[in-house]
Amino acid sequence: MSKLCANAEAALAGVLTDGMTIAVGGFGLCGVPNDLIEVVRDSGVTGLTIVSNNMGVDGKGLGLLLENRQVTKVIASYVGENKLFAQQYLDKVLDVEFSPQGTLAERMRAGGAGIAAFYTRAGVGTPVAEGKPHAEFDGVPHVQERAIVADLALVHAHTADRAGNLSYRAAARNFNPLVATCGRVTVAETEHLAEDFIDPGSVATPGVYVDRLAVARERIKEIEKRTVRPRVTVGA
């Protein structure tokens, strides 16, 4: 069954509502579903809870939703390079639930696997663990973390086929496979559409997790911080 839609707008048609929880793939500006984020922005939905490693940078990625005041809560592991994110948090405009990065990844994986909660040592003895159940395993204290199941998951793939099977390129894989599993509805954008089915050995996200698919428009891939070595002139 083809899950391909005409564009990102069509892929999200009838899906977006105020107050929903949206899990979004990407790390900074790497592997971010920019087309889908822009559709969310243009829809005007508000009161959103965003689950993502971070909120991009000012004016780019998920930062667009912050600028538009569409987000009321963020579950993330990193404030990072987004000054507006930090300011809205400090001004108490934005409710932020911090989660250690590995814990956040596992919470989404658990949500996709049907696991309601799990125990981890990460965060024990810190504000992250306050108010959460604790238990000892082999004499070591652990804190309980609840799984995350989002109303909607947005992911960015490098290559997809019409059945929704996805593959990712290099570091752009980051959180995308985990996000794809934890949404009640998962919408993917892809840079390339395969003419036939993707080779099963190359599939990172099986199409069973993907409800809708759109081909992303071509765009310049942004880099948060470009670090280069000084050019060395041979023979100088």
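- Side-chain contact check for N174 versus C30: some heavy-atom pair is nearer than 4.5 Å.
- F118 and V128 fall into different hydrophobic clusters, where Ile, Leu, Val, Met, Phe, Trp and Tyr are joined by side-chain heavy atoms under 4.5 Å apart, directly or via other members.
- Checked by atom type and distance alone, the side chain of D138 never pairs as donor or acceptor with a backbone atom of V140 at under 3.5 Å.
- Here the straight-line distance linking atom CG of D58 with atom CD of E67 works out to 7.0 Å at 0.5 Å rounding.
- Within a 6.0 Å radius of CD in E218, other residues, nucleotides and ligands contribute 12 heavy atoms or fewer.
- Here the CG atom belonging to D161 is positioned 10.5 Å from the CG atom belonging to L4, to the nearest 0.5 angstrom.
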Given the rule in the side chain to side chain contact (heavy atoms under 4.5 Å, CB included) test, do V179 and L154 qualify, once you have shown the distances and angles that lead to the verdict? CA-CA 7 Å; V179 169; L154 305 179; 5.9 Å; no
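- Proximity of a side-chain donor or acceptor of D35 to a complementary backbone N or O of R217 within less than 3.5 Å is detected.
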Set out, in order, the CA-CA distance, both residues' side-chain angles and the distance that settles side chain to side chain contact (heavy atoms under 4.5 Å, CB included) for L166 and V155, then state yes or no. CA-CA 10 Å; L166 309 179; V155 301; 3.9 Å; yes
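- Here the side chains of R69 and T46 are not in contact, with every heavy-atom distance at 4.5 Å or above.
- A 4.5 Å side-chain heavy-atom check between V15 and R212 finds at least one atom pair inside the cut-off.
- The two residues D211 and V185 have their closest heavy-atom pair at OD2-CA, 3.3 Å.
- Two residues are said to be in side-chain contact when any heavy atoms from C-beta on lie closer than 4.5 Å; V74 and S52 fail this criterion.
- From K3, atom NZ reaches atom CZ of R162 across 14.0 Å, with rounding to the nearest 0.5 Å.
- The number of heavy atoms from other shown groups lying within 6.0 Å of OH (Y89) does not exceed 12.
- In this structure, the side chains of T181 and R109 stay at 4.5 Å or more apart for every pair of heavy atoms.
- Around NZ of K132, the count of heavy atoms belonging to other residues, nucleotides or ligands within 6.0 Å exceeds 12.
- The backbone N or O of H156 sits less than 3.5 Å from a side-chain atom of N176, completing a donor-acceptor pair.
- A salt bridge links E97 to R107: one of the charged nitrogens lies within less than 4.0 Å of a carboxylate oxygen.
- Both L62 and V96 belong to a common hydrophobic cluster when Ile, Leu, Val, Met, Phe, Trp and Tyr are linked at side-chain heavy-atom distances under 4.5 angstrom.
- Contact record, M108 with A23: SD-CB, 4.5 Å, taken as the closest heavy-atom pair.
- At least one side-chain heavy atom of L193 sits under 4.5 Å from a side-chain heavy atom of L213.
- Under a hydrophobic clustering in which Ile, Leu, Val, Met, Phe, Trp and Tyr are joined whenever their side-chain heavy atoms come within less than 4.5 Å, directly or via other members, I37 and L84 fall into the same cluster.
- Listed for the Q70 side chain is a donor-acceptor partner under 3.5 Å among the backbone atoms of V40.
- Interatomic distance, CG of L66 versus CG of L94, reported as 6.0 Å (0.5 Å rounding).
- Minimum heavy-atom separation, M55 to I50: SD-CG2, 3.8 Å.
- Using cut-offs of 30° and 60° on the angle between ring planes, the pair F27 and F175 is parallel.
- Counting only distance, with no hydrogens or angles, the side chain of Q88 and the backbone of V93 share no donor-acceptor pair below 3.5 Å.
- Counting heavy atoms from C-beta on, the side chains of T120 and V143 come closer than 4.5 Å.
- Residue D151 holds its CG atom at 8.5 Å from OG1 of T49, rounded to the nearest 0.5 Å.
- Looking at R219, R169, K221 one by one, the single match for side-chain hydrogen bond (donor to acceptor under 3.5 Å, both in side chains) with E191 turns out to be K221.
- Smallest separation of non-hydrogen atoms from L48 and T17: CD2-O, 4.0 Å.
- No continuous path of ILVMFWY side-chain contacts below 4.5 Å connects Y78 to L65, so the two sit in separate hydrophobic clusters.
- The shortest heavy-atom contact between G183 and T186 is O-OG1, 3.8 Å.
- Of all heavy-atom pairs spanning V210 and A188, the tightest one is CG1-CB, 4.2 Å.
- Note on Y168 and V203: separate hydrophobic clusters, where clusters join Ile, Leu, Val, Met, Phe, Trp and Tyr whose side-chain heavy atoms are under 4.5 Å apart, directly or indirectly.
- Of the inter-residue distances, the one linking N54 atom CG with N82 atom CG reads 8.5 Å to the nearest 0.5 angstrom.
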